[in-house]
Structures are given as C-alpha cells and as structure tokens.
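The structure under discussion appears below in the form of structure tokens.
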Protein chains: 2
Amino acid sequence: MRTNSPFKHHQHSQCIQQALRNAESLCKKNGFRLTRVRKRVLELIWKSHQALGAYAILEQLGLEGVKPAPPTVYRALDFLLEAGLIHRLNSLNAYTGCSHPKDDHHGSYFLICQHCRNVAEIHDTGIDQQISSLAHRENFAVSEQALELSGTCQNCQGSAHA
Amino acid sequence: MRTNSPFKHHQHSQCIQQALRNAESLCKKNGFRLTRVRKRVLELIWKSHQALGAYAILEQLGLEGVKPAPPTVYRALDFLLEAGLIHRLNSLNAYTGCSHPKDDHHGSYFLICQHCRNVAEIHDTGIDQQISSLAHRENFAVSEQALELSGTCQNCQGSAHA
DNA sequence: GTCACAACTGTTATATTATAACATTACGTG
DNA sequence: CACGTAATGTTATAATATAACAGTTGTGAC
C-alpha cells in the first residue's frame, strides 16, 4: 500500500483518499480523535506533494470560512505529527503527508525538488543500517533523525526551469 | 587536523584557536575578508560545541559593547556559511562551527545531544555512498544534504539528567 | 439523560527567527 | 587621494511559532 511517487504521473486523488483512510483507521485503532480541523488540515497537506507551511494552511482555511488563529493550525499539526500522519521538513519549515504511516520502525528520508517543490518520502534500509552503525560506533543513542536531500528531481532535470 | 570530539574531554581552547587559524588561512587563500564582526561571530560560535542561535550571538555581542541589530549577525552568519566555516542546524535554528573546513567533497552529518546540547560533526563514507546510491536510483540530483541525528551522547547516557 | 471531567478549540497577545530597504562607513586599487 | 565596491549600521517588518487563559464539545459514569 505504498503511495505514489510525486515524481511520477499518478491519480493524485487516490493519494488523498488513501491518506484519509489510513488516518481514519489509525485513529480508530488508537482511540485518537480525528476532529474536523485535524482532518481538514491533513487534507490540505495532502492536496499536493509539496510541503505546506503552517501559514499557508491558515490561508486555505480562511478561504473556506472563518480564518482561525495560528494556534488552531499548530495544534492540529502537532496532533498529526504525534500520530505519525505527517512529517515536518526542517529545511523548509513546512509539513508533508506521511506516505507510510503503518511502519514506524525505521527512518524516513526526503527528496525535495527545488524546482517543482515536490517532496518524496523514501525508506531505505541501506541508509538505516549505516546510520545505526554510525550511532553504535559513536555510542550515540538516536531518538530523532532527519535526512533531507534537496536538489532536482528527474522531471525537472534538463527542463527549462532547471 | 581533525578537531576534537565534543563528547570527549579535551582542551577546548585548542578547538577555538584551530578554527580561527583555519578561517584566517582559508580567507587569505580565497581573498575573503575576515572582518572584525565575522571573526567575532565565529569565535562566539566556537566558544563551545553547542549550537548557537543568531539572537544568542546578538546577546553576546551586546555584552561586549554596542549591541548590533539582527542583520549584522545574519550577514556574518551568511558569510561564514558560504565560506564553509560554519553549518546551520535546521532542527535547532542554530549554528555550529565546521570542524573540517578543508574537505568539501562529502557530506557532514550531525549528532545532537538533547541533554548536554553538544553537537558533533561526523563524516562517514558509508552514509555518503548509501545516499548517492539512493539518489542515483531515484534519478535525483542532490545539491544540499542535511542529516541531523538527535539523541543522547555517551556521556549523558545513564547520568542523572538523561 | 445529565453531571463531571477531559479533550479540544477559540482568542489575544507575544516570542522567536529572519529579511527588506536604504543610509553610512571602511577598504583596496589605480 | 579619489573612486567604486564591499561591509556595516539602522529602521522597519515579515515569517514562523507558542504562552496563557477562556469557552466549548464530546464521552463515560451514574
């Protein structure tokens, strides 16, 4: 049940639907409350494969009714982060949907295209292993890891704006 | 000429001196101007192995004379970043001295202790290789990479505040 | 059902990090 | 030393994020 690569043509509505189904079932299973705001924020984040800033989400919410204050959005983001439904990209101060919400036992790595701004979430056991061997070597107990690779995706290479 | 590990006991004054010497020679070689502010900011960053925020640097500068406005510090930081003399840690919004300013052909990885706040810069060809193989597999041209591992260093493991 | 509690959301204010725009000063070169 | 460029000073403000407290809603116990 992997989601599609943002760098390949796909029916994106499937990504959104899949993400919402995953969220529903995960929340049901764990007794989390996927409230209206939280669900809407998750939908907005999944509207594309581009990472979305908190204030961009606020803008969007403003377009469809009364614009909430920042804490509303940040609280929804905190919930979604803790539930493992989204990731924060530190290099962008922005948020992206988690495409593998099931398996939480290894790290997520991100490819961020600087041209089309799409973000791909990658899992890679080779890197996992190198990181854990590095940590072991240095006697370092890792609790959070963030690997963000910025550059140019396959579609944007060689194209006019590359 | 590797600098000392922040997680091992060492004469830290050596780190500072070494960093300043490296900076001087790099700037001389490339015709960069290591001005008073820039040098002072670099020294402050090297004062410890903890990452320093821009406004913390401002505070320090304020203690030793007239407190400059934010752009002064940010411009110095930009210079030092471009010269490769410091790194920015996205997960902390803070800056740390580069301990390997000579070799720029591979990536830097960071171990960030959440207890003592020290930061170690690591180079690791195993991870380098896995990253480039990943990028190749995904047809992604990497231009920037950031790997930040947060956790507990060897000293802080098992100690009271861990 | 309704009471009580906890979880969630609203609201106001403000903290923190960073940059834009323009004025002034310092620096090296001819 | 005059000139141009690079660096710094200054003022204002943008962008991101959180604190603190008030109000509302949803849920389980009874």
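In what follows, chains carry the letters A, B, and so on, assigned in the order in which the sequence lines appear, proteins first and then strands, with residues in each chain numbered from 1.
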Problem set entry | Rounded distance (Å) that lies between atom C1' of dA15(D) and atom CD1 of Ile57(A) | 14 Å
For this session: Check side-chain hydrogen bond (donor to acceptor under 3.5 Å, both in side chains) between Gln154(A) and all other residues, then give those that pass, not counting sequence neighbours.
Result: none
Exercise. Are the side chain of Gln50(B) and the backbone of Asn118(B) linked by a donor-acceptor contact shorter than 3.5 Å?
Worked result: no
For this session: Measure from CG on Leu80(A) to C1' on dC8(C) and round the result to the nearest Å.
Result: 14 Å
Problem set entry | Between dT18(D) (C1') and Leu58(A) (CG): distance, integer Å | 14 Å
For this session: Report the C-alpha separation of Asn4(A) and Gln14(A) in whole Å, then their side-chain angles, then the decisive distance to 0.1 Å, and conclude whether the side-chain contact (heavy atoms from CB on, under 4.5 Å) test is met.
Result: CA-CA 9 Å; Asn4(A) 298 306; Gln14(A) 292 180 353; 4.2 Å; yes
Exercise. Can you tell me how far P of dT19(C) sits from CG of Asn93(A), to the nearest Å?
Worked result: 10 Å
Exercise. Taking atom C1' of dA15(D) as reference, at what distance in whole Å does atom CG of Leu92(A) sit?
Worked result: 14 Å
Exercise. Expressed in angstrom and rounded to an integer, what is the separation of Leu77(B) atom CG from dT8(D) atom C1'?
Worked result: 14 Å
Exercise. For DNA chain D, what residues of residues 60-75 of chain B have any heavy atom nearer than 4.0 Å?
Worked result: Ala69(B), Pro71(B), Thr72(B), Arg75(B)
For this session: May I ask you to list the residues sharing a hydrophobic cluster with Phe110(B), side-chain cutoff 4.5 Å, ordered by chain and number?
Result: Leu89(B), Leu92(B), Ile112(B), Val119(B)
Exercise. Roughly how many Å is it from CD in Glu82(A) to P in dA7(C), rounded to a whole number?
Worked result: 13 Å
Exercise. Who pairs with His136(B) by ring pair (Phe, Tyr, Trp, His ring centres under 6.0 Å), at least two apart in sequence or on another chain?
Worked result: none
Problem set entry | Centroid under 5.5 Å and tilt under 30°, Tyr55(B) to dT16(C) | no
Exercise. Taking only residues two or more places apart in sequence, or in another chain, which ones meet Ser13(A) in a side-chain hydrogen bond (donor to acceptor under 3.5 Å, both in side chains)?
Worked result: none
Exercise. Does any residue of residues 32-45 of chain B have a heavy atom under 4.0 Å from DNA chain D, and if so, which ones, in number order?
Worked result: Arg33(B), Thr35(B), Val37(B), Arg38(B)
Problem set entry | Sequence-distant partners of Asp78(A), side-chain hydrogen bond (donor to acceptor under 3.5 Å, both in side chains), two or more places apart | none
For this session: With sequence neighbours left out, write down each residue that passes side-chain hydrogen bond (donor to acceptor under 3.5 Å, both in side chains) with Asn90(A), or none if nothing qualifies.
Result: Arg88(A)
Exercise. Considering residues at least two apart in sequence or located in another chain, which fulfil the ring pair (Phe, Tyr, Trp, His ring centres under 6.0 Å) criterion with Phe7(B)?
Worked result: none
